[in-house]
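Step one of this worksheet: look at the structure below.
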Amino acid sequence: FDSADASSKVDLLGATLKGATVSVQAIADTSKQTSELDTPFEKVVDSIGLLDLSGFVGVSLSSATAEVRIGSGTTIEADVDALIGATANSESKINTVGYTLGLTYASSDATAMANIESGATVTAGNQLTLDSMAINTVEANALGINSGPTLNIAVTDATSRADAYIQDGASIDAYSLQLTADITNEIETAAEPFEVEGDSAGAAFAISYLSSVANAYVDAQISIPGDITIAATTTTENETSASAEPKSALSNDTNPEDEVNDYLSDKQPDSESEPTKLEISAALAIAEAEATSNAYIGGNADIRAGGSVSVSSTITDDFRLLATSEAEEANVALSGAVAIGTTTNTANAYIGDGAQVSASDLVDVNASATIPSPLDDIWGDLPKDFWEGLEAGLGLGINFEGLVQQVITTYVRSGAEANDETGKFALAGSVNLYTVNNNATAYIADNALINQDSNYRSASQSVMVTASNNI
């Protein structure tokens, strides 16, 4: 059992801060990291994952919360830059290795909030940066060891949130403004046996849940000579895999020398050994993920910029789902593999009802929701030189099915093979259900006034509103 909780908060009420560069930062971090002060042994132990190892049943809980609040009555004066930020890095990793049974649960919560409230004053000679960053890393691996059937269950639960905003009533004076809410999710959930001199059997269940919300907005009166950037970004890598057979079976990675020796020795089955009467192999992978990214200018805002105003919301969701099973060499062989995945992505970028925005250059409102193609990374999976290509062609130690899995989003396979001599019945079935809800919305609301201030008219003044949905 591993539990980690980190919390960091900066709360300024009625304070005054002055300097060439003024930085107000809150950082909460639960990740396991080595430093230059650690011994070589400690670094090796961490690098090979021994710090995340558990037996039979493993539970890892992690929570990181970072918050910066520039409250009413606070004054920040920076001659150059004002840097206000909150960073939450939550890491929950657990690998369970047990005899016959492997049960693993990992939970992680990363929350970052940075805001300038009504009644606060922030002045910067150059740039005001207000950012919140949530980094969420979750890994759960269940690995049961046995020469016969195993039961492996891995479950992950991840929650991420990042908020960055300037409230109505805040006073901002800077050359340029950059306001961002950024989330990075890396989720891995895997259940698989480690087989020892036996056939594939048993069951594997991998279940993952992810909820992610990023908000970046301005709802104040701001007039500056430079650019204003408001961005909410979510990037996710999420892989859920359940295999009721070991990777050696998946890859068909046999030793050619052993194959030749077996052939030359003309081995015959042991007449005294009895085939397994019944073998059942089952794999179930379930993944549910939801990500929302909001970037906007609120209805109370009155924005003036001598440069450009950019409002962008972006979601990139690299989602992978896998389930494989195989029952073999039994009188009755039953195998089933089921993969059920649902991912919902909502990217919103807009200028709200009643807002006023004028810029000398571009007013850009854009939203993007993307599920990238695994083929984008195919070059990294191909042989890197002649000898590696030759090895692949000869089938020596290359994981062909592994390569296939790398270039598709969901993969399901189920196989059943009865004994050649005594087998009576074999049945295999598979189900692959993948539901995608990808939404990107960009708009300027009713009663919003865009480029109505004649003082900001220029030849380069323009307005662009775009939404892109890519699967």
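What you see is a predicted model; the values in this text were computed from it and never measured. The basis for the numbers below is simple: all heavy atoms, side chains too, and nothing from hydrogens, waters or symmetry mates. Nothing fancy with the numbering, it's 1 onward along the sequence.
- Q452 has its side chain out of reach of Q356: every pair of non-hydrogen atoms, C-beta onward, lies at least 4.5 Å apart.
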Original post:
Is there a side-chain hydrogen bond (donor to acceptor under 3.5 Å, both in side chains) between T346 and T292 once you walk through the steps?
Top reply: CA-CA 5 Å; T346 305; T292 301; 4.6 Å; no
Subject >> Stepwise side-chain contact (heavy atoms from CB on, under 4.5 Å) test for N185 and N238 >> reply: CA-CA 8 Å; N185 299 308; N238 188 0; over 6 Å; no
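- Scanning all heavy atoms of the two residues, the minimum distance from S241 to A206 falls at O-CB, 3.2 Å.
- Atoms CD1 and CD1, from I303 and I224 in turn, are 8.0 Å apart once rounded to the nearest 0.5 Å.
- Remark: the T314 side chain and the S368 side chain contain no N/O donor-acceptor pair separated by less than 3.5 Å.
- Looking only at atom types and distance, the side chain of T65 has no donor-acceptor partner in the side chain of T111 under 3.5 Å away.
- At least one donor-acceptor pair closer than 3.5 Å links the side chain of N469 to the backbone N or O of N438.
- The closest side-chain heavy-atom distance from I172 to I116 is below 4.5 Å.
- With hydrogens and angles ignored, the 3.5 Å screen pairs a side-chain donor or acceptor of D29 with a backbone N or O of S31.
- Two residues are said to be in side-chain contact when any heavy atoms from C-beta on lie closer than 4.5 Å; L130 and I166 meet this criterion.
- A86 and A66 get closest at one heavy-atom pair: CB-O, 3.7 Å.
- If you run side-chain hydrogen bond (donor to acceptor under 3.5 Å, both in side chains) between N437 and each of T344, N345, T343, only T344 comes through.
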Original post:
Going through the checks in order, is the side-chain contact (heavy atoms from CB on, under 4.5 Å) test met by Y411 and N432?
Top reply: CA-CA 8 Å; Y411 181 88; N432 190 354; over 6 Å; no
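- In this structure, the side chain of D227 engages the main chain of S308 through a donor-acceptor pair within 3.5 Å.
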Subject >> side-chain hydrogen bond (donor to acceptor under 3.5 Å, both in side chains) assessment of S62 paired with S92 >> reply: CA-CA 6 Å; S62 176; S92 181; 5.7 Å; no
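- At distances below 3.5 Å, at least one donor-acceptor pair connects side-chain atoms of S118 with backbone N or O atoms of D168.
- Between the side chains of D361 and S460, a donor-acceptor pair is found at a separation under 3.5 Å.
- Counting heavy atoms from C-beta on, the side chains of I76 and I70 come closer than 4.5 Å.
- For A110 against S90, the heavy-atom pair with the smallest separation is CB-CB, 3.9 Å.
- Taking 4.5 Å as the limit, some side-chain heavy atom of T137 sits within range of a side-chain heavy atom of K93.
- To the nearest 0.5 Å, atom CE of residue M133 and atom CG of residue N89 are 10.0 Å apart.
- Residues I315 and A347 approach most closely at CD1-N, 4.0 Å, considering heavy atoms.
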Original post:
Passes side-chain hydrogen bond (donor to acceptor under 3.5 Å, both in side chains), Q127 versus S176? Steps please.
Top reply: CA-CA 5 Å; Q127 178 167 287; S176 62; 3.2 Å; yes
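- One side chain, S293 or S313, offers a donor N or O that lies under 3.5 Å from an acceptor on the other.
- Side-chain N/O atoms of S208 and T240 include a donor and acceptor closer than 3.5 Å.
- Counting heavy atoms from C-beta on, the side chains of T409 and Y434 come closer than 4.5 Å.
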Original post:
Can you list the steps and then say if N451 with S358 is a side-chain hydrogen bond (donor to acceptor under 3.5 Å, both in side chains)?
Top reply: CA-CA 4 Å; N451 290 336; S358 291; 4.6 Å; no
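- Shown here are the ring-ring contact (aromatic ring centres under 6.0 Å, His included) partners of Y350, two or more places apart in sequence or in another chain: Y296, Y443.
- There is no side-chain donor-acceptor pair under 3.5 Å between T159 and S211.
- By the salt bridge (charged side-chain N to carboxylate O under 4.0 Å, His left out) test, R161 is found to be paired with D163, residues two or more places apart in sequence or in another chain being considered.
- Checking side-chain atoms of S414 against main-chain N and O of G429 turns up a donor-acceptor pair under 3.5 Å.
- At least one side-chain heavy atom of V357 sits under 4.5 Å from a side-chain heavy atom of I297.
- Residue A220 comes nearest to Q167 through the heavy atom pair CB-O, 3.3 Å, listed as atom of the first residue, atom of the second, then distance.
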**OP:** Give the C-alpha distance, both sets of side-chain angles, the deciding distance and a yes or no for side-chain contact (heavy atoms from CB on, under 4.5 Å) between R320 and T410.
**Re:** CA-CA 6 Å; R320 307 291 180 94; T410 64; over 6 Å; no
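- Between the N366 side chain and the S312 main chain, no donor and acceptor come within less than 3.5 Å of each other.
- Within 6.0 Å of OH in Y175 there are 12 or fewer heavy atoms belonging to other residues, nucleotides or ligands.
- To the nearest 0.5 Å, atom CG of residue L322 and atom CZ of residue R413 are 9.0 Å apart.
- A 4.5 Å side-chain heavy-atom check between L128 and I84 finds at least one atom pair inside the cut-off.
- Put simply, the side chain of D353 never gets that close to the backbone of G299: no donor and acceptor are under 3.5 Å apart.
- Scanning all heavy atoms of the two residues, the minimum distance from A440 to A467 falls at O-CB, 3.6 Å.
- Residue T104 holds its OG1 atom at 9.0 Å from CG of L143, rounded to the nearest 0.5 Å.
- Between the side chains of S458 and S360, not a single donor N or O lies within less than 3.5 Å of an accepting N or O.
- Annotation: the span from L103 atom CG to I94 atom CD1 amounts to 12.0 Å, rounded to 0.5 Å.
- In summary, the side chains of S160 and S212 do not present any donor paired with an acceptor at a separation below 3.5 Å, with no hydrogens or angles considered.
- Distance OG/S132 to CD/E67: 11.0 Å, rounded to 0.5 Å.
- The side-chain hydrogen bond (donor to acceptor under 3.5 Å, both in side chains) search around D5 returns none, not counting sequence neighbours.
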Subject >> I351/I450 under side-chain contact (heavy atoms from CB on, under 4.5 Å): CA gap, chis, key distance, verdict >> reply: CA-CA 9 Å; I351 297 176; I450 308 300; 3.8 Å; yes
